[in-house]
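These notes concern the structure reproduced below.
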Amino acid sequence: MDDNVLLVEKKEGYRVLTLNRPEKLNSFNVDLHEALRAALNEVASDEDCRAVLITGSGRGFCAGQDLGDRDFSDSDEDPDLGATIDAWYNPLVRQIKALDMPVVCAVNGVAAGAGANIALACDVVLAAKSARFIQAFVKIGLVPDSGGTWSLTHLLGEARAKGLALTAMPLMAEQAEQWGMIWKAIDDDDLMAEAQKMMEGFARAPTVSLGLAKKAIHRAATNTFSEQLDLERDLQREAGSSLDYREGVSAFLEKRKPEFTGKRNS
Ligand code: T3D
């Protein structure tokens, strides 16, 4: 395995994961999948890690699947792309969704194919103004994957989801922000500084409550209003027994800044 395909930086309270195959616009090969899976597993089991930042090196964020690994010109057999989705892309986006802490994506350049949809699976998407999102799949005869049909439909509605998926039209970061597909488009030179600032905030945040809020918002996509009220009650009960809730209230009453530990176990 090539160890260099993913750069992992341990910061105080958070992790920065940088996709690092710049000459291929950080497209995914098996090495990159394996490295990212291992890094996210490690994050999930690290009590001191309270947030994750995913970004890319070079001029692109991620161009999806490395098509160099999909050269079937010498073979008559049909490839089983469902198997690679099962093995890699679906577990990856499920892993991102299931992490009980914020996952921020800093889209530093073009995000195409699964690269676009992995970004959309993150909790907060920041993007350089020069970045573009492309549902490139139809250009090679595929359908959007990595949760793209779900994310686009929920974030944008059917008309825009279909427009992007069926035409593969590039969507610039500022338009993506205006449409509500991402949180914020940022001047290129300021992207990483803003992302780091956000991460430093998350590293001092009440992590349990952030994780529970993330979970509740995911469930809102399928729950009825009444089911959601019940879920909020249950999650509030859980949040209310966290150390950070005690600290938050004490700090408010004592008119001081709270010092949240983010500990998941009281
Ligand atoms: O297969 C399965 O397991 C199923 C799962 C599929 C998931 C998917 O993601 S399918 C979609 C795969 N991705 C694409 O179809 C996107 C292909 N790339 C592009 O359309 C363009 O590169 C971009 C629009 C992303 C960027 O265009 P541009 O003009 O800025 O850059 P470029 O010149 O096309 O690319 C720069 C280099 O990166 C170039 O290499 P070279 O010629 O300088 O040696 C190019 O070949 C390489 N590159 C870009 N994307 C990929 C790639 N190499 C391998 N795979 C890529 N996906």
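When a ligand or atom number is given, it counts from 1 through the structure's own listing order.
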Quiz prompt | Where ligand 1 meets Glu23 - atom numbers and elements under 4.0 angstrom, heavy-atom basis | solution = 37 (C), 38 (O)

Self-check item: Numbered atoms of ligand 1 (with element) below 4.0 Å of Leu81, judged on heavy atoms
Solution: 1 (O), 2 (C)

Output side-chain donor-acceptor pairs under 3.5 Å for residues 88-98, partner residues at least two apart or in another chain, one line each.
unit_1, atom_1, unit_2, atom_2, d
Tyr89, OH, Gln65, OE1, 2.7
Gln95, NE2, Arg37, O, 3.1
Gln95, NE2, Asn41, OD1, 3.0

Quiz prompt | Basic-acidic side-chain contact under 4.0 Å: Asp100, Arg50 | solution = no

Practice problem: Do me a favour and list the nearest non-hydrogen protein atom to atom 16 (C) of ligand 1 with residue, atom name and distance? | Solution: Ala63 O, 3.7 Å

Quiz item: Hey, is Trp88 touching ligand 1 through its side chain, its backbone, both or neither, going by heavy atoms under 4.0 Å?
Solution: neither

Quiz item: What atoms of ligand 1 come closer than 4.0 angstrom to any heavy atom of Ile134?
Solution: 24 (C)

Self-check item: Minimum-distance protein heavy atom relative to atom 54 (C) of ligand 1
Solution: Asp66 OD1, 3.3 Å

Quiz item: Does at least one non-hydrogen atom of Arg70 fall below 4.0 angstrom from an atom of ligand 1?
Solution: yes

Quiz item: Which atoms of ligand 1 sit under 4.0 Å from any heavy atom of Thr84?
Solution: 2 (C), 3 (O), 4 (C)

Quiz item: Where is the nearest protein heavy atom to atom 56 (C) of ligand 1: which residue, which atom, and how far?
Solution: Gln65 O, 3.6 Å

Quiz item: What about Gly68: any of its N or O atoms under 3.5 Å from an N or O on ligand 1?
Solution: no

Quiz item: Are Asp66 and Lys24 ion-paired here, with the side-chain N under 4.0 Å from a carboxylate O?
Solution: no

Quiz item: Mind checking who shares a hydrophobic cluster with Val16, ILVMFWY linked at side-chain heavy-atom distances under 4.5 Å?
Solution: Tyr14, Leu53, Val104, Val124, Leu126, Trp183, Ile186, Leu191, Met192, Met198, Met199, Phe202, Leu210

Quiz prompt | Ser57 side-chain N/O to Leu19 backbone N/O, donor-acceptor pair under 3.5 Å | solution = yes

Quiz item: Going by the order shown, which atoms of ligand 1 are within less than 4.0 Å of some heavy atom of Tyr89?
Solution: 3 (O), 5 (C)

Quiz prompt | Residue of the set Thr149, Asn117, Leu142 for which side-chain contact (heavy atoms from CB on, under 4.5 Å) holds with Gln135 | solution = Asn117

Quiz item: Less than 4.0 Å between a side-chain N and a carboxylate O, is that true for Glu177 and Lys129?
Solution: no

Quiz prompt | Identity and separation of the nearest protein heavy atom to atom 26 (C) of ligand 1 | solution = Leu25 CD1, 3.6 Å

